[in-house]
Colleague: 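One structure coming up, written as structure tokens, with questions to follow.
None of the values given here were measured: they were computed from a predicted structure. Proteins come first, then strands; the chains are lettered A, B, ... in the order of their sequence lines, and each starts at number 1. Worth knowing before you read on, the calculation uses all heavy atoms, side chains too, and leaves out hydrogens, waters and symmetry mates.
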Amino acid sequence: MRFAVTEQDTALAEAAGEVLAKQAGAEQIRAGWPGGRTESVDAVWRTLAGVGVTGALVPENADALTLGPSPGPGLGLGLDENALPPLMEMLGRSGLPVPAAEIVAVGAPLLAAAGAPQLPSVLEGSALLTVSLAPDAPVPFGARADLIAVPHGDGLRLYSREEVETEPVDSVDCSRRLARVHAPAGGGLLLAEGPAELAAAYGRGVLATAALLLGLAGRMLELTLAHVRERHQFGVPVGSFQAVKHALADVELAVRFARPAVLAAGWAQAAGDPETAVRTSMAKVLASEAARKAARTAIQCHGAMGYTTEYDLHLYAKRAWALAADWGGPAQHREFIARRLGLAGGRTVQEATEESRANGGAAAGPGIVSEGAGT
Amino acid sequence: MDLTWSAEEEAFRQEARAWLAANVPANPLPSGDTRAGFAAHLEWERALFEARWSVVSWPEAYGGRDASLWQWLVFEDEYHRAGAPARVTQNGIFLLAPTVFAFGTEEQQRRILPRMAAAEDLWAQGWSEPGAGSDLAAIRSRAVRDEGAGGWRLTGQKTWTTRGAFCTHLFGLFRTDPEAERHRGLTYFLVPLDAPGVTVRGFERLDGDEGFAEVFLDDVLVPDADVLGGVGEGWRVAMATTGSERGLTLRSPGRFLHTADRLLDLARAKGPGAHRDRVVQSWIEAQAYELFTLEQVTSIVEGRQVGAESSLNKLFWSQLDIALHETAAELLGPEAEVDGPWSRGFLFSLAGPIYAGTNEIQRNIVAERLLGLPRR
Ligand SMILES: Cc1cc2nc3c(=O)[nH]c(=O)nc-3n(C[C@H](O)[C@H](O)[C@H](O)COP(=O)(O)OP(=O)(O)OC[C@H]3O[C@@H](n4cnc5c(N)ncnc54)[C@H](O)[C@@H]3O)c2cc1C
């Protein structure tokens, strides 16, 4: 038993952290909003790609697989899901408006496995890829991505943006560039099919999103701590008032208890633990609730300042609300766990387990994803 | 990251499981916070000691098994899953013993620990006083040097002393230097409760058990050998071990995992949909507590210090315990008022945010020591 992130996994997160500290401030998040210069966001993403972020979960010899034996440098780092929590938490903290979970955790590894010719451009950060496994839901970055993978027909299919019809949708977090995506019958490259493959892809997306939420929660807490130390009322810092202290202690509590659950979900995925799906859903529930608590507490402790768009806090809070609901909100994940624990429809755990086996790994839920992946 | 147990830990688990399966009393014992229940519990704890399961993490010389922290966690998990009785010796074993290991002389360790492990000496915690609860440094019970008798004369009153009426000994803080600054003039004493000058009065807790006591001390003579950790060092010694009380030693995850499993059984029995969201949330939090603990134990095993973090444990387990029991009450509906394990557990869960330092005090600690917010 050892519950600690390995040096290899922290090393990548730290490398990304260095890039982000230098290049990704709040102005980069604003650049993702309509009217902003998304080129500057893309430039940061390419730098991150350069330190290996995009290829974290891609096998080391992926370029040889896709492009034939080539002299180019290996594009993938060949890490497993244990690398996702620290890396994604770091990306989450930055608030950089890119589909990070969709590329790093879900898309790039699937492209590599499918031998997709678009892999190198995705790994270099020159093509922006997005993925959604929820049918009919608005696709994050669908209005801006070059490559879009959505469920269609027999499984998850990859399209170029010209191949699909996109209909932009306004989001609370305008940097998410949501769009509804309509894929034509036929066409696209099949990236994943069947319950087991879809479940694994879905689980990675959920896990990565949970970790992004932890990062956002941590950043909001930090901004708030700095504020309540500086802001004075009644002649003292507002952070010396017990009501404020206790509210922030509760945020710390929520974050500190969500983090081990996220790490454990990463381990479960990498180790093929039989409880992976439940552990993954648990992580998303705890991280989503922690981030929501962080957002509302941060706004409250900033007073009216927290209720403006001039100050940076809202950029992180809006991302947190978006991600808390994306890849299955807490209620949806609790519902899945309820089924797994035999709390649905009066079935026993044994019955639920039998059914889940029959379904290829998870109990049934709504939609294509949950057939195999459990939402 | 490796969340699997080693072969050695698994073997330890199997051994514990087999023994517990064969020995845990088939019918639940009466509450250990009643006189009759206390006696029944002692019988159980002595059996536990005979089989060397009462203090698994202690050195073998003192009745333990030299078990690692991991093995201790495994044992706790098995203990609660087996439905074994709550430990009436826990305040000695989990609160005093770490202090004796850290600050006691060799003579004290040899004299105190084996008898504690064997449930021969039964220890009560004498910290709180009528005028000193959260503000523990305000204690007024005093100890005056008696050169002639070669010891100290203790006078004052302790209160909220868990199972004080049934215990044989008290460990507590007394003021030895009234001139010194609040935290400075305190000393940690060990006091036999049958010493001349001691009067113990039991009184009822919220749940009706007579498990609390007031302890009155009137010129009670205690020899120098029963000062723990040095004269004037009481505060430092006591604080060094409060982590045990708030954190993992007092509340290992096994207890909450077991309650969460019982909650699932109840929910399944109640049929589909019954308060499912709440049930699942409580279950998730019990798992989260275990994972947080595994992370903390890893830190400790790798040599890092767990300090104010134990306040996070305390906040989390105390709130979790209430959530588990309130959810059970929802499931039980009108049955919730019937006296039984769930209603008793509920009443006890309400004490969680109060004892071991109230949750308000823990939030102050988190805010000031972990988040660096200014004191007032
Ligand atoms: C079941 C149970 C068992 C116990 N067993 C023992 C035992 O064996 N030995 C022993 O010595 N003691 C024991 N105690 C006592 C326990 O340690 C005290 O109750 C506790 O420290 C709180 O002190 P108090 O009860 O005097 O409350 P007070 O300190 O009077 O607090 C009253 C309220 O004011 C709040 N408050 C106080 N100070 C602050 C502050 N600075 N900031 C914010 N809020 C504050 C508290 O949080 C609480 O809500 C036990 C208590 C219980 C409930």
Colleague: Decide, yes or no, whether a salt bridge links B:Glu78 with B:Arg13 under the criterion of side-chain N to carboxylate O below 4.0 Å.
Modeller: yes
Colleague: Suppose a student defines contact as a heavy atom less than 4.5 Å from any heavy atom of chain B. Which residues in residues 262-271 of chain A would they list?
Modeller: A:Leu263, A:Ala264, A:Trp267
Colleague: Can you tell which of A:Met1, A:Arg279, A:Met282 has the highest number of heavy-atom pairs within less than 4.5 Å of chain B?
Modeller: A:Met1
Colleague: Looking at B:Trp317 and B:Gly352, what are the two nearest heavy atoms and their distance?
Modeller: CZ3-CA, 4.1 Å
Colleague: Examine distances only and state if a side-chain atom of B:His258 and a backbone atom of B:Gly254 form a donor-acceptor pair shorter than 3.5 Å.
Modeller: no
Colleague: Can you tell which part of A:Val244 gets under 4.5 Å to a heavy atom of chain B, answering side chain, backbone, both or neither?
Modeller: neither
Colleague: Hey, is the main chain of B:Arg255 close enough, under 3.5 Å, to the side chain of B:Thr259 for a donor-acceptor pair?
Modeller: yes
Colleague: Do NZ/NE/NH1/NH2 and the carboxylate oxygens of A:Arg2 and B:Asp2 come within less than 4.0 Å?
Modeller: no
Colleague: Salt bridge or not for A:Arg259 and A:Glu89, using N-O below 4.0 Å?
Modeller: yes
Colleague: If you count heavy-atom pairs under 4.5 Å with chain B, which of A:Ala4, A:Pro330, A:Pro260, A:Ala249 comes out on top?
Modeller: A:Pro260
Colleague: Given a strict heavy-atom distance threshold of 4.5 Å, which part of A:Leu286 is in contact with chain B: side chain, backbone, both, or neither?
Modeller: side chain
Colleague: Considering only NZ, NE, NH1 and NH2 on the basic side and carboxylate oxygens on the acidic side, decide whether A:Lys293 and A:Glu289 come within less than 4.0 Å.
Modeller: no
Colleague: With sequence neighbours left out, write down each residue that passes side-chain contact (heavy atoms from CB on, under 4.5 Å) with B:Ala18, or none if nothing qualifies.
Modeller: none
Colleague: Heavy atom to heavy atom, less than 4.5 Å: which residues from residues 228-236 of chain A reach chain B?
Modeller: A:Val228, A:Arg229, A:Val236
Colleague: Non-hydrogen atoms of chain A under 4.5 Å away: do they reach the side chain of B:Gln319, the backbone, both or neither?
Modeller: side chain
Colleague: Ring-plane angle category for A:His227 and A:His302, please: parallel below 30°, perpendicular beyond 60°, tilted otherwise.
Modeller: parallel
Colleague: For residues 326-333 of chain B, which side-chain donor-acceptor pairs fall under 3.5 Å, sequence neighbours excluded?
Modeller:
residue: B:Thr327; atom: OG1; partner: B:Ser282; partner atom: OG; Å: 3.3
residue: B:Thr327; atom: OG1; partner: B:Ala323; partner atom: O; Å: 2.6

Colleague: Just checking B:Trp53 against B:Phe12, ring centres under 6.0 Å apart?
Modeller: yes
Colleague: What residue in A:His246, A:Gln242, A:Arg256, A:Glu252 has the most heavy-atom pairs under 4.5 Å with chain B?
Modeller: A:His246
Colleague: Does any part of the side chain of A:Thr280, heavy atoms only, come nearer than 4.5 Å to the side chain of A:Tyr202, both counted from C-beta?
Modeller: no
Colleague: Quick one: do B:Ile354 and B:Asn359 satisfy side chain to side chain contact (heavy atoms under 4.5 Å, CB included)? Show the steps, please.
Modeller: CA-CA 7 Å; B:Ile354 301 172; B:Asn359 282 13; over 6 Å; no
Colleague: In sequence, state the C-alpha distance, the side-chain angles, and the governing distance for A:Glu275 and A:Arg340, and then conclude on salt bridge (charged side-chain N to carboxylate O under 4.0 Å, His left out).
Modeller: CA-CA 10 Å; A:Glu275 293 305 312; A:Arg340 272 305 186 84; 5.0 Å; no
Colleague: Let's test your reading of the structure: which of B:Glu285, B:Glu290, B:Glu309, B:Glu9 forms the most heavy-atom pairs below 4.5 Å with chain A?
Modeller: B:Glu309
Colleague: What part of B:Val279 lies closer than 4.5 angstrom to a heavy atom of chain A: side chain, backbone, both or neither?
Modeller: side chain
Colleague: Let me know if B:Glu302 has heavy atoms under 4.5 Å from chain A in its side chain, its backbone, both or neither.
Modeller: side chain
